[in-house]
Undergrad: 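Take a look at this one; I'll ask things after.
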Amino acid sequence: MRWIGLALLLGVALAQDPRYPDTTRYLVSAPDYRLERLTLLKWPFVEVLRADRWKENQQARLEGRAAVAHEWRLPMSDLLTTQEVARDLRKAWQRFEERYYWHVITRLNNPALYAVYCWAGLKGPDLNPPLPEVQVDVPSGSVPQGFDPGLGWPSPAAQGQHMLDAYWPVPQVNSEDFCDGLGLEILPLMYVPGFCLDIDAIGFSWCTPGYNDGQPLWFNDSAAQTRVSDGIAHAVATYYPDYQLDVLSALRPRVPTDLSDPTRLRVFAPMPWQAHVLEGGAVVTPVMRTLDGLTPQNLVSEAQGILQTLQRALPRLPEAERLAGTAYYYQALNSLSKLSFLQPVSAQLTGLIAGLDEKAMRLALNTLAATDEGSKLAGRDLFINHKNAPGAWRLEELKRWFPPSNPYIYERFGYLSFFQVWNRAEVTTVPDFRADRNPLGVAASLGMRALFYWWVPVRIKVSLIPSPPFISLTGSLDFPRPIPVAPYVLPFAGERTYWGWVSVPEGYEIPRVKGQPGLGVSGVSIPGFSGNVYDLLLR
């Protein structure tokens, strides 16, 4: 009867067969992220393996040739510090956006805004973005085609974050940041103001055409557009390279010189792989929660979050893996609950797997293995793909949705999370109208950063007096009024830096990496990074 059931499961599953590319791949390999290393004043690290180089190295050993570099050690970064790096990356973009807009708008409305911002130095609050939320994304193409566990396809944490947190009517950067290249300009004449003539004594009022619609008698549109285009060109030539330098500064290694107090360590150990520039690869570092966030209750919460992910995903899997899925992860929770320092919450952890029998769990896993062996007789790799993907591949791929965690969770569940930084080429507006925020808020932000020339209408009041010249003329300025100037909102076309966190099952491919770890792209150098920068951590 058992084999009849296996045959039915096999028949259902034969329609799916994973296709993992057997090309240049970097795999999570032999992680050594034991926190016990900290007691030896050594920092946890992981190893990554380049699959094609590993085969070359094996062949070189057989032929007696020199070894081929194929495995690299990466020190782990603590999760909080990668959030701080992400905040610095956000701030780098926000500084560029502020400099870009205020330079263009000040150049356009010279001399009025030049006097207010560049001479008087009127300024709003400093840029101070909050720590970005940690969320895992699953890059397109990182899982086999056709695999969909129903968990959605989350975007990178940086998606929709290339905006200011608040848009103020005054700059949030110093005048030195955007007044360069500007001087007081009186000419050319930009407009002839509209005016109104009021004679209160007889109730007469007359205004020039267009006055009530915010139109001057004449506006020098060509000069206004020239000012805007010159301002955009200046920002692209000067502020955009500075933005890239700010990004590189944010990516600098942050390595402590003293490992004596593990609870206070802050580490960011980036590896340029090749680099973050377009099509160059990414800057990558494995991440973990360090001791200050490693509490028994946090471990329970993270285990609960993983189980909730599994509960959503398992019903979408083929029957054999659906039945074995609970058993597949039962081992992890059972092992976690037996850690000595987790005894205060052991009951909570075992409660998560209450009612499950260990013998039944082993039987379910054996059934899965037997079904997979049957698939191999048919020339397929349905569940356990020994060639490319260790473990039951669908159950392993689910780990890409697991959150960044601590080494105890990583070790028991068999995955690892990475912080990644990379560039995208984009054509958009500043602010970005595609931001993943409230549509009304985005529209308001675009309105706050529209390109207007502000002109000032005039009102002339005629008063009758009893003595010569019998008429008195007085003038006053009305409220300033805007004239839209093309292109109306600032454009952006170039590379922008994205960041995010990804999770990778042990032995599986790390997305977004190219080239060789530690080798940058020509012209791109991360300040402070060198081949021996992590010697203290990897000793």
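If you're wondering where the values come from, they're calculated on a predicted model, not measured in any experiment. For the numbers below, each heavy atom of this structure counts, side chains included, while hydrogens, waters and symmetry mates do not.
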Undergrad: Between Val85 and Ala250, what is the shortest heavy-atom contact and its length?
TA: CG1-O, 3.7 Å
Undergrad: Working note: Arg266 + Asp78, criterion salt bridge (charged side-chain N to carboxylate O under 4.0 Å, His left out); need CA distance, chi angles, decisive distance, verdict.
TA: CA-CA 6 Å; Arg266 287 290 175 261; Asp78 74 271; 3.7 Å; yes
Undergrad: Among residues at least two apart in sequence or on other chains, which ones pass salt bridge (Lys or Arg N to Asp or Glu O under 4.0 Å) with Arg512?
TA: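 Applying salt bridge (Lys or Arg N to Asp or Glu O under 4.0 Å) to Arg512 gives Asp137.
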Undergrad: Can you confirm whether Val287 sits close enough to Trp501 that some side-chain heavy atom of one is under 4.5 Å from a side-chain heavy atom of the other?
TA: yes
Undergrad: Flag the pair Gln348 / Gln297 as yes when at least one side-chain heavy-atom distance between them is below 4.5 Å, and no otherwise.
TA: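 Sidechains of Gln297 and Gln348: in contact.
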Undergrad: Start with the C-alpha gap between Val138 and Val502, add the side-chain angles, then the distance that decides, and say whether side chain to side chain contact (heavy atoms under 4.5 Å, CB included) holds.
TA: CA-CA 7 Å; Val138 182; Val502 297; over 6 Å; no
Undergrad: Can Arg53 and Glu71 be said to form a side chain to side chain contact (heavy atoms under 4.5 Å, CB included), step by step?
TA: CA-CA 8 Å; Arg53 292 278 185 89; Glu71 201 164 28; over 6 Å; no
Undergrad: Decide whether Trp93 and Glu97 meet the rule of one side-chain donor and one side-chain acceptor closer than 3.5 Å.
TA: yes
Undergrad: Output the distance between atom OG (Ser301) and atom CD1 (Ile306), rounded to the nearest 0.5 Å.
TA: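 Between Ser301 OG and Ile306 CD1, I get 11.5 Å after rounding to 0.5 Å.
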Undergrad: What's the separation between atom OG in Ser417 and atom CD1 in Ile409, rounded to the nearest 0.5 Å?
TA: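 Between Ser417 OG and Ile409 CD1, I get 11.0 Å after rounding to 0.5 Å.
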Undergrad: Side chains of Tyr410 and Phe402, heavy atoms from C-beta outward: is any pair under 4.5 Å?
TA: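 A side-chain contact is absent here, since even the closest heavy-atom pair is not under 4.5 Å.
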Undergrad: When you measure from the side chain of Glu397 to the backbone of Pro144, do you find a donor-acceptor pair of N or O atoms at a distance under 3.5 Å?
TA: no
Undergrad: Does atom CZ of Arg61 have more than 12 heavy-atom neighbours from other groups under 6.0 Å away?
TA: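 Count not over threshold, so no.
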Undergrad: Would you say the side-chain atoms of Ser77 and Thr82 include a donor-acceptor pair closer than 3.5 Å?
TA: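 Result is no, nothing qualifies.
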Undergrad: Nearest 0.5 Å please: distance from the CG atom of Leu416 over to the CE atom of Met288.
TA: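 Nearest 0.5 Å value for the CG-CE distance: 10.5 Å.
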Undergrad: Measuring only between side-chain heavy atoms, which start at C-beta, is Pro511 closer than 4.5 Å to Arg400?
TA: yes
Undergrad: Between Met271 and Thr285, is any pair of side-chain heavy atoms under 4.5 Å apart?
TA: no
Undergrad: Within a strict 4.5 Å, meaning less than it, do heavy atoms of the Asp126 and Gln172 side chains meet?
TA: no
Undergrad: Taking all non-hydrogen atoms of both residues, which atom of Asn423 and which atom of Glu495 are closest, and how far apart?
TA: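 For Asn423 versus Glu495, the nearest heavy atoms are ND2-OE1, 2.8 Å.
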Undergrad: When rounded to the nearest 0.5 angstrom, what is the spacing between CD in Gln244 and CZ in Phe96?
TA: 9.0 Å
Undergrad: What verdict does the salt bridge (charged side-chain N to carboxylate O under 4.0 Å, His left out) test give for Lys91 and Asp246, after you've listed the backbone C-alpha separation in whole Å, the side-chain angles of each residue and the deciding distance to 0.1 Å?
TA: CA-CA 9 Å; Lys91 189 174 181 179; Asp246 287 345; over 6 Å; no
Undergrad: Taking the ring of Phe147 and the ring of Trp393, is the distance between their centroids below 6.0 Å?
TA: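 Judged by ring-centre distance (under 6.0 Å), Trp393 and Phe147 do meet the cut-off.
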Undergrad: Between Glu396 and Lys399, is there a salt bridge with N-O shorter than 4.0 Å?
TA: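 Between Glu396 and Lys399 there is a salt bridge, with a charged N closer than 4.0 Å to a carboxylate O.
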Undergrad: Does Asp242 come within less than 4.0 Å of Arg95, counting only side-chain N to carboxylate O?
TA: no
Undergrad: Assess the side chains of Gln308 and Gln304: does a donor N or O sit below 3.5 Å from an acceptor N or O?
TA: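 Result is no, nothing qualifies.
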Undergrad: Which heavy-atom pair separates Ala282 from Trp422 by the least distance, and what is that distance?
TA: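 Answer, listing the atom of Ala282 first, then Trp422: CB-CB, 4.2 Å.
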Undergrad: Using only atom types and a distance under 3.5 Å, with no angle test, would you say the side chain of Tyr498 pairs donor to acceptor with the backbone of Ala157?
TA: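 Pair absent, no side-chain N/O of Tyr498 close to backbone of Ala157.
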Undergrad: Does Arg252 use its side chain to pair, donor to acceptor, with the backbone of Ser249 at less than 3.5 Å?
TA: yes
Undergrad: Dump the intermediate steps for side chain to side chain contact (heavy atoms under 4.5 Å, CB included) on Asp165 and Asn128, then the final yes or no.
TA: CA-CA 8 Å; Asp165 296 285; Asn128 186 28; over 6 Å; no
Undergrad: Over all heavy atoms of both residues, which pair between Val283 and Pro272 is shortest? Give the atoms and the distance, please.
TA: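 What the structure gives for the nearest pair is CG2-CA, 4.1 Å.
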Undergrad: For Glu302 and Asn406, test the side chains for any donor-to-acceptor distance below 3.5 angstrom and give the result as yes or no.
TA: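 There is such a pair between these side chains.
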Undergrad: Would the distance check show the side chain of Gln420 and the main-chain N or O of Gly500 forming a donor-acceptor pair, the cut-off being under 3.5 Å?
TA: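 Not at all, since once roles are kept as given, no pair shorter than 3.5 Å links the two residues.
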Undergrad: What's the shortest heavy-atom distance between Pro149 and Trp401, and which atoms?
TA: CG-CH2, 3.6 Å
Undergrad: State, yes or no, whether a side-chain contact exists between Trp499 and Arg90 at a heavy-atom distance under 4.5 Å.
TA: yes
Undergrad: With a sphere of 6.0 Å drawn around CH2 of Trp168, does it hold more than 12 non-hydrogen atoms of other residues, nucleotides or ligands?
TA: no
Undergrad: So, taking the atom named CG in Leu151 and the one named CG in Leu398, what distance separates them when rounded to the nearest 0.5 Å?
TA: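 Going from CG on Leu151 over to CG on Leu398, the span is 6.5 Å.
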Undergrad: Determine whether a donor-acceptor pair (N or O, by modelled atom type, separation under 3.5 Å) exists between the side chain of Tyr330 and the backbone of Gly325.
TA: no
Undergrad: Can a side-chain donor-acceptor contact be found between Arg412 and Ser335 if the only test is distance below 3.5 angstrom?
TA: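 Present: a donor and an acceptor within the cut-off.
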Undergrad: When you compare the side chain of Ser405 with that of Tyr415, does any pair of heavy atoms fall below 4.5 Å?
TA: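 Yes; the side chains approach each other to less than 4.5 Å.
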Undergrad: Of all the heavy-atom pairs spanning Pro527 and Leu248, show the shortest one and how long it is.
TA: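 Here Pro527 and Leu248 meet closest at CD-O, 3.3 Å.
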Undergrad: Just verifying a value: how many Å separate Arg424 CZ and Gln159 CD, rounded to the nearest 0.5 Å?
TA: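 Going from the CZ atom of Arg424 to the CD atom of Gln159 covers 5.0 Å.
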Undergrad: Could you check, using the six-membered ring where one of them is a Trp, whether Trp72 and Trp273 have ring centers closer than 6.0 angstrom?
TA: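 Ring centroids of Trp72 and Trp273 are no less than 6.0 Å from each other.
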Undergrad: Is the distance between the ring centroids of His162 and Phe492 under 6.0 Å?
TA: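 No, ring centres 6.0 Å or more apart.
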Undergrad: Whether Glu47 and Arg73 form a salt bridge (side-chain N of Lys/Arg under 4.0 Å from carboxylate O of Asp/Glu) is what I want to check.
TA: no
